[in-house]
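One structure below.
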Amino acid sequence: MIRYAKPKNVDEALALLGEGPWRILAGGTDFYPALGNRPLSENVLDINGLSELRGIAEVGSHIVIGARTTWTDIIRHDLPAAFDGLKLAAREVGSAQIQNRASIAGNLCNASPAADGVPPLLTLGAEVELRSASATRHLPVEDFILGNRRTALQPGEMVTAIRIPKSATAGTSAFVKLGARRYLVISIAMAAARIVVEDGTVTEAAVAVGSCSLVAKRLAGLEAALRGLPIGPALAETVAATSLPELAPIDDVRGTAEYRREAACEIVARAVLAAAGYQPLTKVAA
C-alpha cells in the first residue's frame with residue numbers, strides 16, 4: 001500500500017523519513033511530469049505545509065534560503081547585487097506559473113545538468129543543509145550534486161536550506177542562457193559570473209557553466225586568469241584564450257559537443273563582461 005503523509009513541522013517530517021523510503025513532494029513541477037502515465041509506486045511525503053522551510057534570512061555568517069523558497073520569492077526579495085545572476089536564472093525557470101511553485105531545493109535535488117539555478121549558486125559558494133532526525137550536515141553544492149539525477153542525499157535526510165556565506169556576496173553577478181528559443185526552454189549552455197572590482201581591476205572572480213558537463217562546473221583556471229585584469233576588452237580576450245578544460249559537453253538533441261564548447265566561450269564572456277559592468281547584459285538565443 002502506498003502511503004501519503006503531510007507533516008505539520010520539520011521534526012515530524014524527519015521522523016517519518018527515518019522510518020523508511022519516501023518520495024518528497026515540494027512544488028511538484030518535476031514530480032508530476034516525471035510520473036508520466038505511470039501510477040505512484042513510492043510513499044509520498046508532502047512538505048508543502050512546512051512554512052518554516054520557506055523564506056530568506058540572514059543567520060550569523062550566512063544568508064539562508066529555505067528549501068521551499070520559490071523562484072518568485074527569490075526574484076522579489078531584496079538581495080545584494082551578487083545575487084543578480086541567481087535572480088536572472090530564476091526568471092528562466094519555466095513560466096511564471098512554474099516560478100511561483102518550483103522550489104530552489106527541488107531544482108538541486110532534481111540534479112539535472114541543465115538546472116538553471118546551479119551555476120549562480122556555485123558562484124556564490126553555496127552549500128546545502130541536509131537534516132535527518134539525528135544530525136545536520138552541510139555540503140558545498142558541487143559535492144551535493146554527483147551526476148545526472150544523482151545527489152549525496154542519504155536515507156532519512158532531506159534538504160532544509162541553501163546557505164550562502166556572506167563572504168561570497170561581494171561584487172555583482174550575471175547569468176546568460178542559450179536555448180533554442182527565448183522562453184520555456186531547456187538550456188543548451190548557460191553561464192554565471194560574479195566579479196568583484198576595485199579601482200578598475202578584477203580582484204575576485206567566480207565563473208560557472210551548466211549544460212556542458214554531467215554537472216555544472218566552476219572554471220577555476222579562468223577565474224585565476226581574470227584576477228588582476230583591468231576592466232575592458234582584456235576580459236573577453238582572456239575567456240577566448242582559454243579552452244575551458246573543466247567542461248565535457250556531449251552531443252544530444254539540443255546541440256553537439258563542439259557547438260556547446262564554442263557557445264560556452266561566448267556566453268561566459270558575456271556573463272563576465274556584464275558582471276564586471278563593462279557592458280549591459282545581452283540576452284542570447286540560438
Side-chain angles (χ1 to χ4, degrees), residues 79-92 113 116-126 140-142 164-179 182 187-213 215-249 255-286:
L79 289 164
F83 287 80
D84 287 354
L86 184 62
K87 289 191 173 194
L88 287 168
R91 291 184 172 91
E92 299 287 352
D116 292 318
V118 177
L121 288 172
L122 289 174
T123 67
L124 289 165
V141 167
E142 53 266 43
I164 313 294
K166 290 181 182 177
S167 59
T169 59
T172 304
S173 64
F175 175 82
V176 180
K177 175 175 177 174
L178 174 68
R182 180 62 192 88
S187 299
I188 296 171
M190 56 184 158
R194 181 176 62 86
I195 303 293
V196 180
V197 178
E198 295 180 9
D199 298 325
T201 300
V202 176
T203 59
E204 185 180 341
V207 185
V209 172
S211 283
C212 290
S213 305
V215 295
K217 294 282 189 179
R218 280 277 295 265
L219 306 181
L222 176 61
E223 292 171 358
L226 291 171
R227 288 192 286 270
L229 291 180
I231 300 304
L235 297 177
E237 292 167 3
T238 299
V239 175
T242 181
S243 61
L244 305 182
E246 295 89 349
L247 305 184
T256 66
E258 181 181 7
Y259 174 65
R260 276 192 165 92
R261 187 174 292 279
E262 291 183 5
C265 286
E266 172 63 21
I267 63 174
V268 164
R270 296 188 186 199
V272 167
L273 291 171
Y278 183 63
Q279 68 177 27
L281 179 62
T282 302
K283 300 287 186 179
V284 284

Distance-only, no hydrogens or angles: does the E246 side chain make a donor-acceptor pair with backbone N or O of S213 under 3.5 Å?
no
A side-chain contact here means heavy atoms from C-beta on lying under 4.5 Å apart; do L121 and I164 qualify?
yes
Value for CD (E237) from CG (L229), rounded to nearest 0.5 Å, stands at 9.5 Å
Minimum heavy-atom distance between P120 and A192, given as atom pair plus value:
N-CB, 3.6 Å
Between S211 (side chain) and A189 (backbone), is there a donor-acceptor pair under 3.5 Å?
no
Are the side chains of P233 and Y278 in contact, using a 4.5 Å heavy-atom criterion?
yes
Side-chain contact test, heavy atoms from C-beta onward, threshold under 4.5 Å: evaluate it for L247 versus K217 and give yes or no.
yes
Specify the closest pair of heavy atoms between L244 and C265, including all atoms of both residues, with the distance to one decimal.
CD1-SG, 3.7 Å
Restricting to non-hydrogen atoms, name the atom on G232 and the atom on L273 that form the minimum distance, rounded to 0.1 Å.
O-CD2, 4.1 Å
Hey, what do you get for OG1 (T123) to CG (L219), rounding to the nearest 0.5 Å?
11.0 Å
Locate the shortest heavy-atom distance separating R260 from I188; write the atom from each residue and the value.
NE-O, 2.9 Å
Side chains of S173 and L86: closer than 4.5 Å at any heavy-atom pair?
no
If I compare all heavy atoms of L88 with all of F175, which pair ends up nearest, and what's the gap?
CD1-N, 3.7 Å
Any sub-3.5 Å donor-acceptor pair from R270's side-chain atoms to A191's backbone N or O?
no
Please report the C-alpha distance between E258 and E262 in whole Å, then the side-chain angles of each, then the deciding distance to 0.1 Å, and finally whether the side chain to side chain contact (heavy atoms under 4.5 Å, CB included) criterion is met.
CA-CA 6 Å; E258 181 181 7; E262 291 183 5; 3.8 Å; yes
Residues P119 and A208: closest non-hydrogen pair is O-CB, 3.6 Å
Kindly compute the distance separating OG1 (T201) from CG (L226), expressed to the nearest 0.5 Å.
12.5 Å
Sort out for me which residue in D84, L124, L122, T172 forms a side-chain contact (heavy atoms from CB on, under 4.5 Å) with R194.
L124
In Å and rounded to the nearest 0.5 Å, what is the CZ to OG distance from R261 to S243?
6.5 Å
Straight-line distance of C212 SG to L178 CG, nearest 0.5 Å
9.0 Å
How many angstroms lie between CD in E198 and OG1 in T203, if you round to the nearest 0.5 Å?
4.0 Å
